[in-house]
Amino acid sequence: MAISLVNRAEKYDLDKIAKEFKIEFEERTIPSDADVEAVVAERTTALLEARLRLRDKLQTERSQRFAPLARSLAESEEELPIITMLLDDYYSKRCTPRWCSLRARPALERKPQNRVGGHQSPAEAVSHLN
């Protein structure tokens, strides 16, 4: 699989190549900002929920001391930049659940995929984050 962003002239050339070599290209439109936001929000929520499920009792109890602060930050529009910064930092470090983490590690360190289609559970996706 490959992704190419092409202009009109390049599209014409690609169409010629596709015809000559009998290749089928799948054309997709660029996602809107709203589409990207929705996917990032869904991925971030899934990663955070999976990580929450992996916490032990001590970690869960310890994190409860931050509940009042979290509630206060969530209720204040002025504090929204703090929450968005934390979420952005978390997501940026995790990138996309599996793809970026594999790209960042040398090929020899990569673990073989043990599931059909290379998909993993949320627990497997965050197991290397702890």
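Sequence positions, counted from 1, serve as the residue numbers for this chain.
In the hydrophobic cluster analysis, where Ile, Leu, Val, Met, Phe, Trp and Tyr join through side-chain heavy atoms closer than 4.5 angstrom, Y91 is grouped together with V36. The same ILVMFWY cluster, assembled from side-chain heavy atoms under 4.5 Å apart, contains both I83 and F66.
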Between side-chain atoms of residues 23-33 and protein atoms elsewhere (two or more places apart, or another chain), which donor-acceptor pairs fall under 3.5 Å?
residue: E26; atom: OE2; partner: R28; partner atom: NE; Å: 2.7
residue: E26; atom: OE2; partner: R28; partner atom: NH2; Å: 2.9
residue: S32; atom: OG; partner: A34; partner atom: N; Å: 3.4
residue: S32; atom: OG; partner: D35; partner atom: N; Å: 3.1
residue: S32; atom: OG; partner: D35; partner atom: OD2; Å: 3.2

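To the nearest 0.5 Å, the span separating CD1 on I17 from NZ on K22 amounts to 15.5 Å. Here CD of E79 is found 11.0 Å from OG1 of T84. Values are rounded to the nearest 0.5 Å. Rounded to the nearest 0.5 Å, atoms CE (M85) and CG (L80) are 11.5 Å apart. Taking CG of L47 as the start and CG of L87 as the end, the distance is 11.5 Å to the nearest 0.5 Å. For the atom pair K11 NZ and D13 CG, the distance stands at 11.0 Å (nearest 0.5 Å).
Remark: the backbone N or O of L52 is not paired with any side-chain donor or acceptor of R55 at under 3.5 angstrom. Of the possible polar contacts, none joining the S76 side chain to the S72 backbone as a donor-acceptor pair under 3.5 Å is found. Judged by distance alone, the side chain of S63 and the main-chain N or O of T60 form a donor-acceptor pair under 3.5 Å.
With sequence neighbours excluded, the residues that form a side chain to side chain contact (heavy atoms under 4.5 Å, CB included) with N7 are A9, E10.
Taking every heavy atom of both residues into account, L54 and Q59 meet most closely at O-OE1, 4.4 Å.
A salt bridge does not link D15 to K19: none of the charged nitrogens lies less than 4.0 Å from a carboxylate oxygen.
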